[in-house]
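Heads up: the structure comes next, in structure tokens.
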Amino acid sequence: MPVRLSSLPYFEKWLVLGIILGVVAGFASTVFYLLLHLFEYVFITRFVGMSYPHPLGEGGTLNFEFHPGNYLLIPVSLMLGGLISGLVVYTFAPEAEGHGTDAAIRAYHYLQGKVRWVVIPVKIFASAVTIGSGGSAGREGPTAQFSSGVGSVIADLLKLSPEDRRRAVAVGIGAGIGTIFKTPIGGAILASEILYKRDLEPELIYPGLIASSVGYTIFGIIFGFTPVFGYYTGTFNPLRLPMYALLGAISGVLAILYVKSFYGISGLFKRLRIPNHVKPMIGGGLAGLLALLFPEVLGTGYGWINLAEFQRLSSFYSPLFPVLILLALLPFVKILATSLSIGSGGSGGVFAPGLFIGAFVGVDVGLIFHYLFPFLVPDIAPFVIIGMMSFFAAAGKVPLSVIVMVTEMTSSLQLLPGAMIAVAISYLVSGNYTIYRSQVPTRRDSPAHKSEYEIPVMQRLKVGQCKKYDVKVSPSATLETALKLMLDNNFLSLPVVDDSNRFIGIVYYRDIERKNPLDQVRRYVVRGSPHVTPQSSLEQAWEIMAINRSRWVAVVDRGIFQGVVTMDSLLTLYEQEVRALTDSSQDTRTSN
């Protein structure tokens with residue numbers, strides 16, 4: 001009899017699923033990569049006639065010379081790409097707009113990992129067109145969303161639980177990004193870290209390692225295993241640590257600017273009363289106008305990062321600004337171009353633009369220190385690399401994975417001490433600002449883990465919230481009076497309270513039913529009977545009723561009788577709370 005995958009133990013199950021997700025991520029990333037370069041050739045190389053630098057890990061060269069081609073066609077190219085992307089996305093899968101990583105995170109937290117299958121081809125095509133036509137966007141968002149979509153579809157085909165489907169989506173995020181950036185270790189950690197601002201999903205690291213390594217292997221066999229930005233061979237100098245700390249502080253401040261600018265412009269486009277289908281065209285056109293002065297902001301910008309890393313600054317071009325002013329302005333212009341390209345509804349990621357912005361913050365800071373202390377800072381490469389790490393660690397709230405990813409992309413292990421200091425400071429300075437709005441602070445705040453952390457309703461609700469009844473009998477009352485009171489309230493016992501309203505105990509029907517009706521209750525009181533306080537939970541009250549086999553329990557506060565709560569009053573409060581929680585959950589799903 002065949003063994004169902006869902007019934008296997010955790011590690012065996014995720015070994016198999018990790019391999020499946022890795023194979024899919026590897027081939028999907030390959031298709032996207034080829035499609036992206038096809039559209040770059042169509043739009044940038046053929047239509048605009050402009051040269052485009054590529055990083056060393058993708059066949060680029062450091063002897064790059066910029067050719068502007070039909071320069072004035074740049075805005076036209078971006079508008080065409082935005083129009084095509086907008087028509088495809090808003091016609092077939094509106095959730096594929098924007099930076100797809102956030103949509104994948106939202107699916108994990110709020111949608112039980114559900115991603116429609118149509119998102120996969122739509123995201124691949126629309127993002128390839130947006131970036132290929134020159135849109136300022138990254139490859140990680142599309143790979144994250146379509147890989148997570150594949151994870152969701154596979155989980156449904158294999159009839160996995162909602163919990164496993166969520167895991168498959170998160171593992172897909174890490175596998176897709178780890179594959180396209182050739183960063184298998186960083187991708188695995190990213191799957192665990194990117195869901196939260198201040199937490200991790202440790203259970204995702206194991207399947208993430210498997211999926212990312214498989215995807216990376218497939219992608220590397222086809223396109224080579226050279227790190228994206230080549231090999232950094234410089235040495236670490238501890239005297240530069242204060243400089244890296246300052247770079248971290250500047251990166252943290254600019255990360256806040258990135259988040260505010262992106263969502264500010266995104267909000268403006270959402271308020272425009274025009275069809276969504278044409279908004280990416282408008283955003284693309286505006287970004288294209290910026291690119292007329294700053295062509296470096298087009299596309300992912302990886303080639304320019306590589307040129308800056310190896311200080312080939314003569315390759316940079318602007319028809320208006322000298323190189324030093326161009327380099328000083330590039331971080332801010334890239335923030336604006338990315339906000340226009342993606343915030344308008346275009347399809348692409350925010351990670352690669354974040355690396356570009358951080359790299360050129362590093363260029364600017366590195367050049368200042370190079371001119372001030374040329375013997376201490378002979379080149380700016382370490383500042384470029386640490387700038388990438390510190391900026392996006394703050395903007396994306398992913399300090400661990402970004403440190404590992406950029407280290408893998410540059411082979412720069414020797415810079416880790418400085419990178420860790422810069423990242424720690426940038427993360428602190430940036431506060432709670434994040435480019436991924438669907439992130440939640442910790443696991444406790446995620447709807448996916450609500451049942452693990454939330455106190456059960458019966459424990460959270462207090463007896464003091466229940467309706468109380470003033471049913472009692474005094475010690476001097478006759479048994480006849482007590483029996484009548486029991487009959488009227490359908491009770492088999494009564495609380496006994498003295499003249500000062502102090503709780504004494506309980507008198508039971510079984511003890512008085514055959515006694516002299518004129519006897520006094522005091523002779524039959526069972527003292528030391530269990531009771532609750534207003535601060536007791538409903539669960540405690542329920543347990544006492546079960547032990548006493550009673551429909552009520554006395555509420556006593558510092559010895560003073562407050563009344564009785566009945567089983568019916570407990571159930572009424574419980575049902576009201578459950579109904580309120582259900583309504584709140586539905587409202588949350590609707591708003592998301």
Side-chain angles (χ1 to χ4, degrees), residues 444 449-587:
R444 180 184 294 274
H449 293 287
K450 190 173 184 180
S451 61
E452 299 173 32
Y453 291 95
E454 187 179 67
I455 299 173
V457 174
M458 291 288 284
Q459 290 183 21
R460 189 177 70 249
L461 296 177
K462 303 302 179 185
V463 168
Q465 299 172 253
C466 287
K467 181 179 180 181
K468 292 184 284 291
Y469 299 90
D470 189 23
V471 179
K472 62 189 176 184
V473 67
S474 70
S476 59
T478 64
L479 299 187
E480 183 179 18
T481 302
L483 288 167
K484 184 178 184 306
L485 197 56
M486 290 182 190
L487 182 63
D488 291 344
N489 289 280
N490 198 23
F491 286 176
L492 293 176
S493 57
L494 288 173
V496 181
V497 179
D498 66 15
D499 294 338
S500 300
N501 215 36
R502 300 189 70 82
F503 179 69
I504 299 173
I506 297 176
V507 59
Y508 290 90
Y509 176 83
R510 65 176 182 268
D511 294 332
I512 65 173
E513 61 174 327
R514 299 182 185 279
K515 305 300 181 182
N516 184 353
L518 299 178
D519 278 354
Q520 289 187 333
V521 168
R522 72 177 74 251
R523 292 181 55 189
Y524 303 95
V525 176
V526 178
R527 298 177 183 271
S529 301
H531 57 270
V532 295
T533 69
Q535 290 74 42
S536 299
S537 68
L538 263 59
E539 187 175 54
Q540 291 170 319
W542 194 281
E543 287 175 357
I544 291 175
M545 290 185 200
I547 292 170
N548 290 343
R549 297 182 180 179
S550 171
R551 292 183 56 251
W552 63 270
V553 63
V555 183
V556 180
D557 189 14
R558 297 174 185 171
I560 304 300
F561 178 74
Q562 303 289 316
V564 300
V565 291
T566 66
M567 193 173 292
D568 291 338
S569 60
L570 296 188
L571 287 172
T572 299
L573 179 63
Y574 175 81
E575 289 170 356
Q576 288 175 351
E577 183 68 11
V578 170
R579 196 178 304 116
L581 287 173
T582 302
D583 293 343
S584 174
S585 177
Q586 289 174 347
D587 290 344

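To the nearest 0.5 Å, the span separating CZ on Arg551 from CG on Asn490 amounts to 5.5 Å. For the atom pair OG of Ser550 and CD1 of Ile544, the computed distance is 10.5 Å after rounding to the nearest 0.5 Å. Residue Asp498 holds its CG atom at 10.0 Å from CZ of Arg522, rounded to the nearest 0.5 Å. To the nearest 0.5 Å, atoms NZ (Lys472) and CD1 (Ile504) are separated by 11.0 Å. Between the CZ atom of Arg527 and the CD1 atom of Ile506 there is a distance of 12.5 Å, given to the nearest 0.5 Å. Residue Lys462 holds its NZ atom at 12.0 Å from CG of Leu573, rounded to the nearest 0.5 Å.
Under a cut-off of 6.0 angstrom, the local environment of CD in Glu513 is crowded, with over 12 non-hydrogen atoms contributed by other residues, nucleotides or ligands. Counting non-hydrogen atoms of neighbouring residues, nucleotides and ligands closer than 6.0 angstrom, the OH atom of Tyr524 exceeds 12 such neighbours. When the shell of 6.0 Å around CG of Asp488 is examined, it contains more than 12 heavy atoms from other residues, nucleotides or ligands.
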* Asked: After noting the C-alpha distance and the side-chain angles of Asp568 and Lys467, does the key distance pass the salt bridge (Lys or Arg N to Asp or Glu O under 4.0 Å) rule?
  -> CA-CA 10 Å; Asp568 291 338; Lys467 181 179 180 181; over 6 Å; no

* To do: Take Arg523 and Asp519 through the salt bridge (Lys or Arg N to Asp or Glu O under 4.0 Å) test and state the conclusion after the steps.
  => CA-CA 8 Å; Arg523 292 181 55 189; Asp519 278 354; 3.2 Å; yes

* To do: Applying salt bridge (Lys or Arg N to Asp or Glu O under 4.0 Å), run through Asp470 and Lys468 and close with a yes or a no.
  => CA-CA 7 Å; Asp470 189 23; Lys468 292 184 284 291; over 6 Å; no

* Run the numbers on His531 and Val555 for side-chain contact (heavy atoms from CB on, under 4.5 Å), then give the verdict. => CA-CA 6 Å; His531 57 270; Val555 183; over 6 Å; no

* To do: Could you check Trp552 against Ser569 for side-chain contact (heavy atoms from CB on, under 4.5 Å), going step by step and ending with a plain yes or no?
  => CA-CA 9 Å; Trp552 63 270; Ser569 60; over 6 Å; no

* Stepwise side-chain contact (heavy atoms from CB on, under 4.5 Å) test for Leu483 and Tyr509 -> CA-CA 7 Å; Leu483 288 167; Tyr509 176 83; 3.5 Å; yes

* Given Val553 and Val565, is the side-chain contact (heavy atoms from CB on, under 4.5 Å) satisfied, shown in steps? -> CA-CA 6 Å; Val553 63; Val565 291; 3.5 Å; yes

* To do: Start with the C-alpha gap between Asn489 and Tyr469, add the side-chain angles, then the distance that decides, and say whether side-chain hydrogen bond (donor to acceptor under 3.5 Å, both in side chains) holds.
  => CA-CA 10 Å; Asn489 289 280; Tyr469 299 90; over 6 Å; no

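If you run side-chain contact (heavy atoms from CB on, under 4.5 Å) between Cys466 and each of Thr572, Val532, Leu538, only Leu538 comes through.
In plain terms, the two heavy atoms of Asn516 and Leu479 that are nearest each other are O-CD1, 3.3 Å. Taking every heavy atom of both residues into account, Ser474 and Val521 meet most closely at O-CB, 3.8 Å. Scanning all heavy atoms of the two residues, the minimum distance from Pro495 to Phe503 falls at CB-CE1, 3.9 Å. Nearest heavy-atom pair, Tyr574 versus Leu461, reported as atom, atom and distance to 0.1 Å: CA-CD1, 4.1 Å. Ala482 and Val473 make their closest contact through CB-CG2, 4.3 Å (heavy atoms, listed as atom of the first residue, atom of the second, distance). Pairing each heavy atom of Arg460 with each of Glu577, the nearest pair is NH2-OE2, 2.5 Å.
Annotation: side chain of Met486 is in contact with side chain of Leu494 (closest heavy-atom distance under 4.5 Å).
Of the possible polar contacts, none joining the Trp542 side chain to the Ser537 backbone as a donor-acceptor pair under 3.5 Å is found. At distances below 3.5 Å, not a single donor-acceptor pair connects side-chain atoms of Ser500 with backbone N or O atoms of Arg502.
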